[in-house]
Colleague: 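My questions will all concern the structure given below.
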Amino acid sequence: MEDKVQKKSRKLLIVLIILLILILIGGVSAWYIISNMDQNSPDEVIYSYISCLMINDYEGMYSMLSESTKSRVDHDTYIARNKNIYEGIEASNIEMKNLTYNEEDKTVNYDLTFDTLAGSLTYNYTATFDRQDDNKYYLNWYSSLIFPDLEEDYKVRVYSNSGSRGDILDRNGKVLATNNENGERVYPYGEITAHLVGYIRGISAEELEEHKGEGYTESSLIGKTGLELAYEERLRGKNGSGIYIVNENEEIVETIAETDIADGEDIKITIDIDLQEQIYEEFDGDKGFSIAMNPKTGEVLAMVSFPTFDTNKFITGFTDEEWSSLSSDEDTPMFARYESTWAPGSSFKPITGAIGLTTKSFTADENLGTSGLSWQKDSSWGDYKVTTLTTYSGPANLRNALVYSDNIYFAKAALKIGSNNFAEQLLKIGFDKDLDFSIPMYNSQFADNNEFDSEVQLADSGYGQGKVLVNPLHVASIYSAFVNDGSMIKPHIEYSEKTEYLYENVFSEDVVKEIVEDLIQVVENPNGTGYEARINGIYMAGKTGTAELKSSKDEEGEELGWFNAFVVSDNSDEQFLTINMVENVENRGGSHYLLPKVKNIIQEYMK
């Protein structure tokens, strides 16, 4: 009998494949195909009947019914009863097993397993048949072939209730996302946390297919961006569902299946909403981002992208004019800028310096030679020259080069490191690698296929130009190595006591000490490019940067202003690192535009 079942299963599979192909390419009805196949035995009829059920071909199912059945149940009643029940319980993954055929009384016994919104079900059925004038067998259908205890005057009832979505809380328990008394999602800080917290909306057809079998329905809401998306599985409430058979008085006579309702989990994150709000106010009106992190623990304290938008509008609804204005805004307020990659300019120079010292390509005190305001290695570079903004007295060593932000020094430094060496070290600190973080970030890059294609590109990369593109959270992790004796902290945003390193010992302690002392001078030295950010009583290290976005040296282009800084302290309560970038700082002082803003942020936070 098992061999026979296997043979029937193979035949059913062939039938289904033929059905699907012909229906897709020609709109051919399932019954037309089945009716022209050999159906001289009841077991073949039931296989064909179930194959139609698998693809919701209720017309095909009805056409297989006996005349005695059709005299009891008219066409419309049959179609409506089967369609409403099977689709109402969200029947799927239908599978028939353990078929046995009794040739003596022409009955078929079989098991049917299928998934529903309230779980998986398995029932045993017995089907009877009539042999009609065309010498073929037809199914005697009763409601018990849907559920064994379903009588003709009984009905199937389905209910589904959603559990409440969990709240998102900041490190101090302040609510960033919650539900109001109507179950609607509310974002108390709106624009301040728009990109970070994200928003929920109705599930799409594609998402419904992607999350098939996970309890979502066409009316479900789902996280679309930010933390609402990242923690969707834990935040969302689980539906409580039930399938019941009721009698004519709507009394439950049988419980088919039930699942308990469950509220979503509250998620506490490392963000300090007061800091987040202060940063938002400082940069309101600009385009860019700001990230703040505890470099010792990896806790992300703030992540702000600007300009921004009000996430509550995704719940209450946009007018046509509001949506058109938001979606067509050339400043792209819905773009989470900290997730992307950007040319770092001179803010990249401490990384080049640390790599050079680590690989022993040069020493900190080595004089690479002063070259005025422009320089090229030799005539092989043609008309191309590296330019810098200021000259200075004293040797062209690492400290002076960082204090005065000397492009020419770092171009020479990159050449001394060498293309293979530089590429190897950049890959070692996480370039072209995914950053393990709750919200996906673009990978930092330094060259096509991780290979410098020329000396000029290598030289330009040394001072953060060329094809160098960095993700700001990745940069925060690299800069954290200057606080952690050469190991890069792993950033995290869910509140936890656990601390992990992303990469350990990427720089030696001696290298870190030298870089930190030099970056302190960038802020503390009156000649340093970061001197305007100096704060009395707070020891701070930092690096400015102005990245030029243009295709040639001769044209005017957009400038990105950077200022990356960290507090130098052994006090655990004073650990603070911030990465900041503002677009279009040309004619606004370049990176110096950011200094008073970042100074205010650090000063206020460290009170």
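The residues of the chain are indexed from 1 along the displayed sequence. Only a predicted model underlies this, so the values are computations on that prediction, with no experimental measurement involved.
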Colleague: Short question: side chain of Ser454, backbone of Gln457 - any donor-acceptor pair under 3.5 Å?
Modeller: yes

Colleague: Under 4.5 Å between any side-chain heavy atoms of Thr311 and His195, yes or no?
Modeller: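 A side-chain contact under 4.5 Å is absent here.
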
Colleague: Any donor and acceptor pair, going by atom type alone, linking the side chain of Thr270 with main-chain N or O of Glu494 inside 3.5 Å?
Modeller: no

Colleague: Can you list the residues that meet the salt bridge (charged side-chain N to carboxylate O under 4.0 Å, His left out) rule with Glu299, with sequence neighbours excluded?
Modeller: Arg171

Colleague: Could you tell me whether Arg201 and Glu228 make a salt bridge, using a distance below 4.0 angstrom between a side-chain N and a carboxylate O?
Modeller: no

Colleague: With no hydrogens and no angle check, do the side chains of Asn179 and Ser164 hold a donor and an acceptor under 3.5 Å apart?
Modeller: no

Colleague: Is it the case that the side chain of Asp263 and the backbone of Gly237 share a donor-acceptor pair, with hydrogens and angles ignored and the cut-off at 3.5 Å?
Modeller: no

Colleague: May I have the list of side-chain donor-acceptor pairs in residues 273-295 shorter than 3.5 Å, sequence neighbours left out?
Modeller:
| unit_1 | atom_1 | unit_2 | atom_2 | d |
| --- | --- | --- | --- | --- |
| Asp274 | OD1 | Lys174 | NZ | 3.1 |
| Asp274 | OD2 | Lys174 | NZ | 3.1 |
| Gln276 | OE1 | Met303 | N | 2.9 |
| Gln276 | NE2 | Ile192 | O | 3.1 |
| Gln276 | NE2 | Met303 | O | 2.7 |
| Gln278 | NE2 | Asn600 | O | 3.0 |
| Glu282 | OE2 | Asn600 | ND2 | 3.3 |
| Asp286 | OD1 | Arg588 | NH1 | 3.2 |
| Asp286 | OD1 | Tyr593 | OH | 2.9 |
| Asp286 | OD2 | Tyr593 | OH | 3.0 |
| Lys287 | NZ | Asn584 | OD1 | 3.1 |
| Ser290 | OG | Asn580 | OD1 | 2.6 |
| Asn294 | OD1 | Lys296 | N | 2.9 |
| Asn294 | OD1 | Thr297 | N | 3.3 |

Colleague: Applying salt bridge (Lys or Arg N to Asp or Glu O under 4.0 Å), run through Glu207 and Lys224 and close with a yes or a no.
Modeller: CA-CA 10 Å; Glu207 289 167 328; Lys224 296 286 186 175; 2.7 Å; yes

Colleague: Can you tell me if Lys349 and Thr352 form a side-chain donor-acceptor pair at under 3.5 Å?
Modeller: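 Short answer, no.
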
Colleague: Say whether, by atom type as modelled, one donor and one acceptor occur between the side chain of Gln425 and the main chain of Thr359 under 3.5 angstrom.
Modeller: no

Colleague: Just to verify, what does His592 make a side chain to side chain donor-acceptor pair (under 3.5 Å) with, not counting sequence neighbours?
Modeller: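 Residues passing side chain to side chain donor-acceptor pair (under 3.5 Å) with His592: Glu532.
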
Colleague: Got a donor-acceptor contact below 3.5 angstrom from the Asp170 side chain to the Asn172 backbone?
Modeller: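 Yes, because the side chain of Asp170 sits within donor-acceptor range (under 3.5 Å) of the backbone of Asn172.
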
Colleague: After noting the C-alpha distance and the side-chain angles of Tyr463 and Phe348, does the key distance pass the ring pair (Phe, Tyr, Trp, His ring centres under 6.0 Å) rule?
Modeller: CA-CA 6 Å; Tyr463 57 97; Phe348 190 73; 9.9 Å; no

Colleague: Looking at every non-hydrogen atom in both residues, tell me the closest pair between Ser487 and Asn505 and how far apart they are.
Modeller: OG-N, 2.9 Å

Colleague: Under the side-chain contact (heavy atoms from CB on, under 4.5 Å) criterion, do Ile351 and Ile429 qualify, and how do the steps go?
Modeller: CA-CA 10 Å; Ile351 299 172; Ile429 61 175; 3.9 Å; yes

Colleague: Using only heavy-atom distances, determine whether the side chains of Tyr231 and Ser438 contain a donor-acceptor pair under 3.5 Å.
Modeller: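 Ser438 and Tyr231 do have a side-chain donor-acceptor pair below 3.5 Å.
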
Colleague: Restricting to pairs with a member in residues 400-419, which pass salt bridge (Lys or Arg N to Asp or Glu O under 4.0 Å), not counting sequence neighbours?
Modeller: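 Listed by first then second residue: Glu366-Lys416.
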
Colleague: Report yes or no: does Glu586 contribute a side-chain atom to a donor-acceptor pair with the main-chain N or O of Glu559 at less than 3.5 Å?
Modeller: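 Answer holds: yes.
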
Colleague: Is it the case that more than 12 heavy atoms not belonging to Phe335 sit under 6.0 Å from its CZ atom?
Modeller: yes

Colleague: Within a radius of less than 6.0 Å around CG of Asn587, do more than 12 heavy atoms belonging to other residues, nucleotides or ligands occur?
Modeller: no

Colleague: Give, for atom CG of Asn397 and atom CG of Leu368, the distance between the pair rounded to the nearest 0.5 Å.
Modeller: 8.5 Å

Colleague: Rounded at 0.5 Å granularity, tell me how far CD1 in Ile408 sits from OG in Ser374.
Modeller: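 Between Ile408 CD1 and Ser374 OG, I get 6.0 Å after rounding to 0.5 Å.
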
Colleague: Tell me whether Asn367 contacts the main-chain N or O of Ala396 through its side chain, where contact means a donor paired with an acceptor under 3.5 Å.
Modeller: yes

Colleague: If you look at every heavy atom in Pro491 and Ile489, which pair is closest and at what distance?
Modeller: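 Distance-wise, the nearest heavy atoms are CD-O, 3.4 Å.
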
Colleague: Taking salt bridge (charged side-chain N to carboxylate O under 4.0 Å, His left out) as the definition, give me every residue that meets it alongside Glu455, ordered by chain and number, with sequence neighbours left out.
Modeller: Lys377

Colleague: Quick check on side-chain contact (heavy atoms from CB on, under 4.5 Å): which of Thr388, Asn407, Thr387, Val386 does Leu373 satisfy it with?
Modeller: Thr388

Colleague: Does Arg236 have any salt bridge (charged side-chain N to carboxylate O under 4.0 Å, His left out) partners at least two apart in sequence or in another chain, and if so, which?
Modeller: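 Glu233.
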
Colleague: State whether a side-chain donor-acceptor pair under 3.5 Å links Asp432 with Asn450.
Modeller: yes

Colleague: Ring pair (Phe, Tyr, Trp, His ring centres under 6.0 Å) with Phe566: which residues, sequence neighbours excluded?
Modeller: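 By the ring pair (Phe, Tyr, Trp, His ring centres under 6.0 Å) rule, Phe566 matches no residue at all.
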
Colleague: Mind jotting down which residue pairs meet the side-chain hydrogen bond (donor to acceptor under 3.5 Å, both in side chains) criterion with at least one end in residues 476-485? Sequence neighbours excluded, please.
Modeller: none

Colleague: For Thr332 and Arg337, does a side-chain donor sit closer than 3.5 Å to a side-chain acceptor?
Modeller: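 Arg337 and Thr332 do have a side-chain donor-acceptor pair below 3.5 Å.
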
Colleague: List the atom pairs, with distances to 0.1 Å, where a side-chain N or O of residues 540-547 and a protein N or O form a donor-acceptor pair under 3.5 Å, not counting sequence neighbours.
Modeller:
| unit_1 | atom_1 | unit_2 | atom_2 | d |
| --- | --- | --- | --- | --- |
| Lys543 | NZ | Ser405 | OG | 3.0 |
| Thr544 | OG1 | Thr529 | OG1 | 2.8 |
| Thr546 | OG1 | Ser591 | N | 3.2 |

Colleague: Are the side chain of Trp342 and the backbone N or O of Met581 linked by a donor-acceptor pair below 3.5 Å?
Modeller: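 Checked: no pair found.
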
Colleague: Applying ring pair (Phe, Tyr, Trp, His ring centres under 6.0 Å), name anything that partners Phe437, two or more places apart in sequence or on another chain.
Modeller: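 Scan of Phe437 (ring pair (Phe, Tyr, Trp, His ring centres under 6.0 Å), adjacent residues dropped) gives none.
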
Colleague: Show every ring-ring contact (aromatic ring centres under 6.0 Å, His included) that has at least one partner inside residues 387-428, sequence neighbours left out.
Modeller: Tyr392-Tyr404, Phe422-Phe452

Colleague: Can you sort out the partners of Glu339 under salt bridge (charged side-chain N to carboxylate O under 4.0 Å, His left out), two or more places apart, ordered by chain and number?
Modeller: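 Listed in chain order: nothing, the list is empty.
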
Colleague: So how far is it from Glu574 CD to Ser569 OG, rounded to the nearest 0.5 Å?
Modeller: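 It is 4.0 Å, given to the nearest 0.5 Å.
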
Colleague: Can a donor-acceptor pair be found between the side chains of Ser325 and Glu322 at a distance below 3.5 Å?
Modeller: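 There is no such pair (donor and acceptor under 3.5 Å, judged by atom type) between the side chains of Ser325 and Glu322.
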
Colleague: Nearest 0.5 Å, please: how far is CG in Leu469 from CZ in Phe431?
Modeller: 9.0 Å

Colleague: Run the side-chain contact (heavy atoms from CB on, under 4.5 Å) check on Val512 and Asp510 step by step: do they pass?
Modeller: CA-CA 5 Å; Val512 166; Asp510 289 342; over 6 Å; no

Colleague: Please answer whether the main-chain N or O of Gln465 pairs with a side-chain N or O of Asp460 as donor and acceptor at a distance below 3.5 Å.
Modeller: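 Side chain of Asp460 to backbone of Gln465, a donor-acceptor pair under 3.5 Å: no, none is there.
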
Colleague: Under a 3.5 Å threshold, yes or no: a donor from one side chain and an acceptor from the other, between Asp378 and Ser380?
Modeller: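 Result is yes, a qualifying pair exists.
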
Colleague: Which atom pair, heavy atoms only, marks the closest approach of Glu524 to Tyr531?
Modeller: O-CE1, 3.3 Å

Colleague: Got a donor-acceptor contact below 3.5 angstrom from the Asn571 side chain to the Asp573 backbone?
Modeller: yes

Colleague: Would Lys268 pass as a cation-pi partner of Tyr495, given that its NZ or CZ must be under 6.0 Å from the six-membered ring centre and within 45 degrees of the axis?
Modeller: yes

